[in-house]
Amino acid sequence: MAAIVVMPQLGNSVESCIIVEWLIKEGDEVAVDQTLCSIETDKSTMEVPSTEAGTVLKLLWEEGDEVPVKDPLIIVGAPGEDVSALVPGSEGGAEAPAQAEAEAAPSLEEAPAPSFATAAATGAVSPRARALAGAKGIDVSAIAEGSGPHGRVIERDVQAAIAAGPAYTSAAQHIGGTAETGTGLGGRVTTSDLARPAAEAPAAVAAPALAIPAADFPGASTSEKLKGVRKVVAQRMMASLAQSAQLTLNTSAKADGLLAMRKKFKNSDESLGLSRITLNDLVCYAVVKVLPKYPVFNSHLEDGVLTTFEQVHLGFAADTPRGLLVPVIRSAQSLTLKQFSAEAKRLGAAANEGALSPDHLSGGTFTVSNIGAFGIESFTPVINLPQTAILGVAAITPRPVVNADGTIGAEQRIGLSLTIDHQVIDGADGARFLKDLVAAIENIDITVLA
């Protein structure tokens with residue numbers, strides 16, 4: 001008998017997933033736990049295993065579709081079996097769980113579907129849709145109703161709004177009229193754009209003739225749509241820069257104490273379980289100890305509301321075969337250095353293997369990004385929204401120093417780059433945070449014992 005395989009709930013925070021690539025096709029035989037497709041959430045990419053065995057009779061979605069969790073994904077059964085009654089949306093076909101639940105609710109039968117303004121007030125916009133709208137300057141309140149469950153606005157609704165043409169400011173909407181392009185934020189059409197005559201549009205300038213034969217220009221190339229983790233990172237980075245006022249402060253700290261402690265741990269008895277503690281573990285642990293003194297750095301800023309946290313849930317940027325991921329060490333302030341290091345190793349290994357749950361990629365309150373191993377001396381890390389700050393850790397390099405006797409020497413220093421959201425953190429506060437962090441790093445032996 002034919003059966004439906006649904007999109008699994010891959011973590012408590014995941015509401016929908018985008019199909020990146022089908023790994024099976026209609027007519028294939030599949031076994032239980034065989035991988036059906038790769039999917040992406042708003043945080044990572046994962047694989048979907050089959051919960052049924054049999055012949056693939058129907059793929060219900062195409063690559064690139066955004067599928068709500070627990071909705072039908074494929075139908076499997078015996079070869080040639082009639083599955084028309086199971087295809088969602090067909091006459092007599094099965095309903096998606098979300099749709100069936102909605103139709104079974106008496107209150108929904110008596111009242112019309114809520115408008116988007118009501119839905120927006122209750123947060124009925126997917127995180128992916130909100131991020132894309134912010135990056136592209138789209139007013140999501142102008143979308144009458146989303147195509148997700150219960151009218152939820154999802155990414156494809158925002159994409160449709162983008163494809164329909166430029167967004168308009170509220171003042172431009174009130175005046176009326178149309179314009180092909182806008183000069184406002186995110187390409188929005190402003191009142192001045194509506195008032196500008198079409199004749200004022202800049203005339204096209206003919207490109208000068210090239211000496212290179214047309215057949216040789218521009219040469220061989222390949223094109224590929226962004227997908228998977230790369231696409232997720234692209235969207236999140238653009239949204240971060242569009243929605244926050246980012247300011248980066250750079251400094252450095254003496255690294256002698258770090259290097260000495262790392263050497264002691266590396267040469268310690270294996271039975272102590274300390275030999276794998278890294279320099280990055282030590283720096284991150286110092287961050288964890290300093291953060292409670294600065295609650296605004298350990299916070300989220302969403303829709304004008306600042307939420308500070310008592311516990312430190314530290315995210316650390318991980319370079320994996322799948323791309324950039326940010327595992328989160330939960331309640332890091334309650335861990336010993338040994339426990340902290342072990343948890344970082346566990347999460348890092350799972351991220352590299354592609355086995356990390358989306359729940360361990362969300363909920364971070366502060367992030368550390370360390371690319372010092374590549375010899376980078378300073379950089380500008382991008383805030384991981386909705387967090388309000390991120391620390392970049394650079395390489396340890398020798399720097400000149402004037403000794404007490406006036407001679408010139410050299411000392412090992414580690415570069416630190418702090419990016420803050422200037423909406424809620426002032427530059428002076430960032431400087432104070434870095435000053436205390438430098439002290440914690442330079443006195444790491446005391447920091448670990450505190």
Side-chain angles (χ1 to χ4, degrees), residues 246-270 272-294 297 312 314 316-317 319 332-333 336-338 340-341 344-345 366-383 389-420 422 425-450:
Q246 302 195 21
L247 170 67
T248 301
L249 308 175
N250 297 294
T251 190
S252 64
K254 293 180 183 178
D256 304 62
L258 287 175
L259 294 169
M261 180 165 281
R262 165 60 182 142
K263 184 176 181 180
K264 286 183 179 179
F265 285 145
K266 186 176 182 179
N267 297 326
S268 65
D269 192 315
E270 286 289 340
L272 297 176
L274 301 174
S275 60
R276 296 186 64 201
I277 293 177
T278 65
L279 290 171
N280 190 57
D281 291 335
L282 293 171
V283 173
C284 288
Y285 199 70
V287 171
V288 168
K289 293 301 182 181
V290 172
L291 274 173
K293 295 173 57 179
Y294 296 88
F297 286 78
V312 177
L314 189 76
F316 62 94
D319 179 27
Q333 84 291 337
T336 64
L337 176 60
K338 180 179 177 180
F340 181 93
S341 178
K345 302 295 183 298
F366 187 92
T367 297
V368 175
S369 176
N370 188 339
I371 55 175
F374 298 99
I376 302 301
E377 297 185 13
S378 68
F379 63 105
T380 305
V382 178
I383 294 173
I390 181 172
L391 179 72
V393 181
I396 295 177
T397 56
R399 308 280 180 91
V401 61
V402 179
N403 298 318
D405 60 0
T407 61
I408 303 297
E411 63 181 12
Q412 298 292 321
R413 299 188 71 89
I414 185 170
L416 303 171
S417 300
L418 175 71
T419 298
I420 58 176
H422 216 329
I425 302 175
D426 292 332
D429 294 326
R432 294 186 189 98
F433 176 88
L434 279 177
K435 182 179 179 181
D436 285 351
L437 179 59
V438 166
I441 290 174
E442 292 183 347
N443 300 280
I444 190 64
D445 52 342
I446 297 175
T447 301
V448 170
L449 295 174

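Please read all numbers here as calculations on a predicted model, not as lab measurements. In this chain, numbering begins with 1 at the start of the sequence shown.
Side-chain contact between V401 and I408 is absent, with no heavy-atom pair separated by less than 4.5 Å. Side-chain contact between I390 and V368 is absent, with no heavy-atom pair separated by less than 4.5 Å. Contact of the I444 side chain with the T447 side chain is registered, since non-hydrogen atoms from C-beta on lie closer than 4.5 Å.
A distance of 12.0 Å separates CG in N280 from CD1 in I371, rounded to the nearest 0.5 Å. Distance check: L337 CG to L274 CG gives 7.5 Å after rounding to the nearest 0.5 Å. In this structure, OG1 on T380 lies 6.5 Å from CG on N250, to the nearest 0.5 angstrom. One distance of note links CZ of F366 with CG of L391; it measures 5.0 Å at 0.5 Å rounding. A distance of 4.5 Å separates CD1 of I396 from CD1 of I414, quoted to the nearest 0.5 Å. Separating the CG atom in D445 from the CG atom in L282 is a distance of 10.5 Å, to the nearest 0.5 Å.
The nearest pair of heavy atoms linking F374 to D319 is CZ-OD2, 4.4 Å. For the pair A253 and L416, the tightest heavy-atom approach, listed with the atom from each and the gap, is CB-CD1, 4.4 Å. A332 and F340 make their closest contact through CB-CE1, 3.9 Å (heavy atoms, listed as atom of the first residue, atom of the second, distance). The minimum heavy-atom distance between A394 and S378, with the atom names listed, is CB-N, 4.0 Å. Taking every heavy atom of both residues into account, I425 and A389 meet most closely at CD1-CB, 4.3 Å. Counting all heavy atoms, side chain and backbone alike, L291 lies closest to F297 at CD2-CB, 3.8 Å.
Residues passing the side chain to side chain donor-acceptor pair (under 3.5 Å) test with T397 are R399, sequence neighbours excluded. Evaluation of the salt bridge (Lys or Arg N to Asp or Glu O under 4.0 Å) rule for E411 yields R413 as partners, not counting sequence neighbours. Here D281 pairs with T278, S341, K345 under the side chain to side chain donor-acceptor pair (under 3.5 Å) rule; sequence neighbours left out. Under the side chain to side chain donor-acceptor pair (under 3.5 Å) criterion, T407 pairs with N403, D405, not counting sequence neighbours.
Panel note: side chain N370, backbone G372; a donor-acceptor pair is recorded below 3.5 Å. The main-chain N or O of G392 is never found under 3.5 Å from a side-chain atom of S369 such that the two would form a donor-acceptor pair. Between the side chain of Q333 and the main chain of V312, a donor-acceptor pair closer than 3.5 Å is present.
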Could you list the donor-acceptor pairs under 3.5 angstrom formed by side chains in residues 431-442, with sequence neighbours left out?
residue, atom, partner, partner atom, Å
R432, NH1, D429, OD1, 2.8
D436, OD2, K293, NZ, 3.0
D436, OD2, Y294, OH, 2.6
E442, OE2, K254, N, 2.9

N/O donor to acceptor pairs below 3.5 angstrom from side-chain atoms of residues 256-267, sequence neighbours left out:
residue, atom, partner, partner atom, Å
R262, NH1, S275, O, 3.0
R262, NH1, I277, O, 2.8
N267, ND2, K263, O, 3.2

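For the residue pair T248 and T419, a side-chain donor N or O sits within less than 3.5 Å of a side-chain acceptor on the partner.
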